[in-house]
Amino acid sequence: MEQKCSVRLTSLVKTSGCAAKIGPAVLHEVLGHLPKFEDPKLLVGFEGSDDACVYQVSDEIVAIQTVDFFPPMVDDPYLFGQIAAANALSDIYAMGGNPATALNLLCFPACLPHSVMESILAGGYDKVREAGAVIAGGHTISDPTPKYGLCVTGFANPKEILTNSGAKTGDVLVLTKPIGAGILNTAAKAELIEEPERAILQKVMSTLNRAAKEACAGLQIHACTDVTGFSLIGHAYEMASGSNKTLSIHTEDILLMDGVLEYASMGIIPEGMYNNLEYLEGKYKTVRELPQNLLDTLFDPQTSGGLLLAMPEADAKEYLSRMQLHSDWVRIIGEVTALQETAIIIE
């Protein structure tokens, strides 16, 4: 359901997708000053930088809740709705749950025709349906900057919950999608991107992490998060910090989207990359000299990125075998070691 619009959606925004997030340094500072709620049924809150909260419903059921929305990174309204929904649903998958219900969050400019609103919502509806969940309502406001996303509730058995803080020494790191979305979206906004590059970018962002989560069944998954606005290195740091370990990242094993290094070399970098780099200063080290365009990509804010998982090597091999049925993007990109001088080592 494509909707041609006389106004480019991306022309109405300054930053797009997860690159529009408030920087991690500011966010952690503000949240650190707020009181923490105490409830024995709140199994996972925001103190551990996890992707969603987990609340105990019964001995066998926990509810997982998340909310995520952002400005458009594509001009097609239907595709924007799909990507925004996939991004919000990803938090449930990253916590080991299955999405059940979703509520729309839509900010919409008065200058756009109502048919554009319908297409955005239709994209979200179709992606939620693909996830096996339902949309049960939502909230809309008039706003000069379009924004869309979802508040999602999922469920799981307490024993199935995944967090970003359980990585163990000897685990390997698995990444399920290529990176470079922030840089490529910036190139697209500047009308520089080539069509084959745009096609793979849009496919990556609109692909659910459902198969990546379901492939975990029966395996020892010690830690999991999804890679979004804080970048691959930023989310790896949260996993390392929460687990009290060091994560070694092998740059030669990371799958990059086509064109991303070329655009990074041209200085086509989203503002969010600089926020991530500032926050992570002193938290990582490189063991060899790396090209600047590659380093920029490692700190690039992703939109609807893949899952980053820590698991024993034998389980990782089985996981990669299962994922061959769904994707050729999955890679082992590093390992977990005992805590060293820095939380992240980039090789």
Enter the distance from [X]:[atom1] to [Y]:[atom2] here, rounded to the nearest 0.5 Å.
X: Lys285; Y: Glu347; atom1: NZ; atom2: CD; result: 9.5 Å
X: Lys245; Y: Leu339; atom1: NZ; atom2: CG; result: 8.5 Å
X: Leu121; Y: Asp126; atom1: CG; atom2: CG; result: 11.0 Å
X: Ile141; Y: Phe108; atom1: CD1; atom2: CZ; result: 13.0 Å
X: Asp226; Y: Leu175; atom1: CG; atom2: CG; result: 11.0 Å

Counting N and O atoms only, with roles assigned by atom type, does the side chain of [X] sit under 3.5 Å from a partner on the main chain of [Y], one being a donor and the other an acceptor?
X: Lys127; Y: Ser206; answer: yes
X: Thr207; Y: Lys203; answer: yes
X: Thr246; Y: Gln340; answer: yes
X: Asp253; Y: Ile333; answer: no
X: Lys177; Y: Asn209; answer: no

Quick check: are there more than 12 heavy atoms from other residues, nucleotides or ligands sitting under 6.0 Å from [atom1] of [X]?
X: Glu289; atom1: CD; answer: no
X: Asp39; atom1: CG; answer: yes
X: Glu278; atom1: CD; answer: no

Q.
If I compare all heavy atoms of Tyr263 with all of Glu194, which pair ends up nearest, and what's the gap?
A. OH-N, 3.4 Å
Q. For the residue pair Phe230 and His235, does the interplanar ring angle fall in the parallel (under 30°), tilted (30 to 60°) or perpendicular (over 60°) class?
A.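 Parallel: the ring planes of Phe230 and His235 meet at under 30°.
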Q: May I have the step-by-step check of side-chain hydrogen bond (donor to acceptor under 3.5 Å, both in side chains) for Ser265 and Asn293, ending in yes or no?
A: CA-CA 5 Å; Ser265 296; Asn293 58 353; 2.8 Å; yes
**Q.** Member of Asp300, Val260, Leu255, Leu298 meeting the side chain to side chain contact (heavy atoms under 4.5 Å, CB included) criterion with Ile179
**A.** Leu298
